Enquirer: 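Got a structure here, written out as structure tokens. Questions coming.
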Amino acid sequence: MKLDVINLDGSAAGEVELDEALFGLEPRADLLHRVVRWQRNKAQAGTHKVKTRSEVSYSTKKIYRQKGTGGARHGSRKAPIFRKGGIYKGPTPRSHAHDLPKKVRKLGLMHALSSKVKDGALVIIATADCDGKTNTLAKQIANLGWKRALIIDGAAVNENFARAAANIDGLDVLPSMGANVYDILKRDTLVLTKAGVEALEARLK
């Protein structure tokens, strides 16, 4: 599979051969869903917490006499049935992460790349390089028509480019090892540098 390569100014920069095994798959929604769910659950803080009966602040004195009131007998205002009492079996801090086989994670990334190719939302650029000026890069991005884009570079992102891209809304930049299903699907356009293509092919083969 061949795709045209462009420069950031929009000029042509040749062609690149993409591996069909990585970019030519028929995207499977079930695989993508599994990987995204695994990513989001792993990222969830899990710091939710309620106070139990032993943690709420109330006197331990018996609230009223045992007999003769005509009501049910009670010994503590901390009981869960009372307003502002302790919560019974409420959420406690825990990890929401669950296991997902490495093969499924790898396959999910391949299907995410293939889904962008199928949607015509994959762009290949020669290099992600600029003078470090946000204004210059923003104009180039606007001219190319990228509104919500993810740019994936090679092993490392150019320092000037990362600095210029940091203040542009809707533009994310990642090294090839940071490429993941959630970020790829979240953005409308996936932009790969030639170095990024080579790094991803080496990583996923």
Side-chain angles (χ1 to χ4, degrees), residues 1-44 95-129 137 140-158 161-162 165 168-205:
M1 177 194 305
K2 286 189 177 182
L3 272 187
D4 292 333
V5 180
I6 62 171
N7 293 310
L8 281 173
D9 59 7
S11 60
E15 290 183 335
V16 66
E17 184 75 32
L18 298 180
D19 192 341
E20 289 276 356
L22 305 183
F23 296 90
L25 302 173
E26 184 62 33
R28 280 177 51 186
D30 62 315
L31 268 175
L32 297 174
H33 175 265
R34 283 181 68 186
V35 179
V36 169
R37 182 170 167 268
W38 169 76
Q39 275 188 251
R40 301 315 295 153
N41 283 7
K42 190 177 179 184
Q44 191 169 342
S95 171
H96 290 266
H98 60 268
D99 290 333
L100 190 68
K102 284 184 179 179
K103 285 184 178 179
V104 178
R105 287 182 252 162
K106 179 179 175 180
L107 203 56
L109 186 52
M110 291 159 64
H111 279 257
L113 294 171
S114 296
S115 71
K116 288 301 181 186
V117 175
K118 186 177 180 182
D119 295 342
L122 176 65
V123 179
I124 310 294
I125 60 175
T127 57
D129 194 6
L137 182 59
Q140 292 176 328
I141 298 300
N143 290 337
L144 290 167
W146 301 344
K147 292 184 179 177
R148 288 166 44 85
L150 169 65
I151 299 177
I152 297 178
D153 206 346
V157 178
N158 180 277
F161 188 86
I168 299 178
D169 188 37
L171 184 66
D172 288 334
V173 184
L174 290 173
S176 59
M177 285 307 296
N180 64 87
V181 174
Y182 178 71
D183 282 330
I184 289 173
L185 297 180
K186 187 171 71 169
R187 296 303 188 186
D188 297 332
T189 306
L190 174 62
V191 182
L192 300 179
T193 64
K194 290 177 75 173
V197 171
E198 292 171 4
L200 284 172
E201 288 181 347
R203 173 183 166 185
L204 295 173
K205 277 185 178 177

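For reference, positions follow the sequence shown, starting with 1. Predicted model only: the values in this text are computed from it and were never measured.
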Enquirer: Any salt bridge linking Lys116 with Asp119? Criterion: basic side-chain nitrogen under 4.0 Å from a carboxylate oxygen.
Expert: no

Enquirer: Please give me the minimum heavy-atom distance between Ala199 and Ser176, naming the atom from each residue.
Expert: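 Closest pair (atom of Ala199, atom of Ser176, distance): CB-OG, 3.3 Å.
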
Enquirer: Testing the basics here: between Asp153 and Ala195, what is the closest heavy-atom pair and its distance to 0.1 Å?
Expert: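 Distance-wise, the nearest heavy atoms are OD1-CB, 4.3 Å.
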
Enquirer: Please name the pair of heavy atoms, one in Ala149 and one in Val191, separated by the smallest distance, quoted to 0.1 Å.
Expert: CB-CG2, 4.5 Å

Enquirer: Do any N or O atoms from the side chain of Glu17 and from the backbone of Met1 form a donor-acceptor pair under 3.5 angstrom?
Expert: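 Confirmed, Glu17 side chain pairs with Met1 backbone.
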
Enquirer: Hey, does the side chain of Gln44 reach the backbone of Ser95 with a donor-acceptor pair shorter than 3.5 angstrom?
Expert: no

Enquirer: Mind running side chain to side chain donor-acceptor pair (under 3.5 Å) on Gln39 and Asn180 for me, showing each step along the way?
Expert: CA-CA 9 Å; Gln39 275 188 251; Asn180 64 87; 3.0 Å; yes

Enquirer: Determine the minimum heavy-atom distance between Ser115 and Ala112, stating which atoms define it.
Expert: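 For Ser115 versus Ala112, the nearest heavy atoms are OG-O, 2.7 Å.
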
Enquirer: Flag yes if more than 12 heavy atoms outside Lys147 fall under 6.0 Å of its NZ atom; otherwise flag no.
Expert: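 Open: at most 12 neighbouring heavy atoms sit under 6.0 Å from NZ of Lys147.
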
Enquirer: Can you check side-chain contact (heavy atoms from CB on, under 4.5 Å) on Phe161 and Leu8, steps first, answer last?
Expert: CA-CA 11 Å; Phe161 188 86; Leu8 281 173; 3.8 Å; yes

Enquirer: For Met110, is there any backbone N or O sitting under 3.5 Å from a side-chain donor or acceptor partner on Ser114?
Expert: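 A pair under 3.5 Å: yes.
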
Enquirer: What's the spacing between Leu144 CG and Thr189 OG1 if we round to 0.5 Å?
Expert: 10.0 Å

Enquirer: Among side-chain atoms of Asp129 and Thr127, is any donor-acceptor pair under 3.5 angstrom?
Expert: no

Enquirer: Closest heavy-atom contact between Ala128 and Ile151?
Expert: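 Smallest heavy-atom distance, with atoms named: CB-CG2, 4.4 Å.
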
Enquirer: Apply side-chain contact (heavy atoms from CB on, under 4.5 Å) to Phe23 and Leu192, showing your working.
Expert: CA-CA 12 Å; Phe23 296 90; Leu192 300 179; 3.9 Å; yes

Enquirer: Do other residues, nucleotides or ligands put more than 12 heavy atoms under 6.0 Å from the CG atom of Asp169?
Expert: no

Enquirer: Report yes if some heavy atom in the side chain of Val123 is under 4.5 Å from a heavy atom in the side chain of Ile6; otherwise report no.
Expert: yes

Enquirer: Leu32 versus Leu185: any side-chain heavy-atom pair under 4.5 Å?
Expert: yes

Enquirer: Strictly distance-based, threshold 3.5 Å: is any side-chain N or O of Lys106 a donor or acceptor partner for the main-chain N or O of Leu204?
Expert: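 A pair under 3.5 Å: yes.
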
Enquirer: Looking only at non-hydrogen atoms, find the nearest pair between Ala162 and Val157 and report the distance.
Expert: CB-CG1, 3.9 Å

Enquirer: Evaluate the side-chain contact (heavy atoms from CB on, under 4.5 Å) criterion for residues Arg203 and Met177: first the C-alpha distance (whole Å), next the side-chain angles of each, then the deciding distance (0.1 Å), finally the verdict.
Expert: CA-CA 8 Å; Arg203 173 183 166 185; Met177 285 307 296; 4.0 Å; yes

Enquirer: The test is side-chain contact (heavy atoms from CB on, under 4.5 Å); show your working for Leu22 and Leu200 and say whether it passes.
Expert: CA-CA 9 Å; Leu22 305 183; Leu200 284 172; 5.7 Å; no

Enquirer: Look at atom NE2 of His33 and say whether more than 12 heavy atoms of other residues, nucleotides or ligands are closer to it than 6.0 Å.
Expert: no

Enquirer: If the condition is side-chain hydrogen bond (donor to acceptor under 3.5 Å, both in side chains), which residues does Asp99 pass it with, not counting sequence neighbours?
Expert: none

Enquirer: Counting neighbours of CZ on Arg34 that are heavy atoms of other residues, nucleotides or ligands and sit closer than 6.0 Å, is the number greater than 12?
Expert: no

Enquirer: Please check this pair: side chain of Arg105 against backbone of Trp38, looking for a donor-acceptor N/O pair closer than 3.5 Å.
Expert: no

Enquirer: Enter the distance from Leu113:CG to Leu122:CG here, rounded to the nearest 0.5 Å.
Expert: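 It comes to 7.5 Å.
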
Enquirer: So, His111 side chain and Arg28 main chain: donor-acceptor pair closer than 3.5 Å or not?
Expert: yes

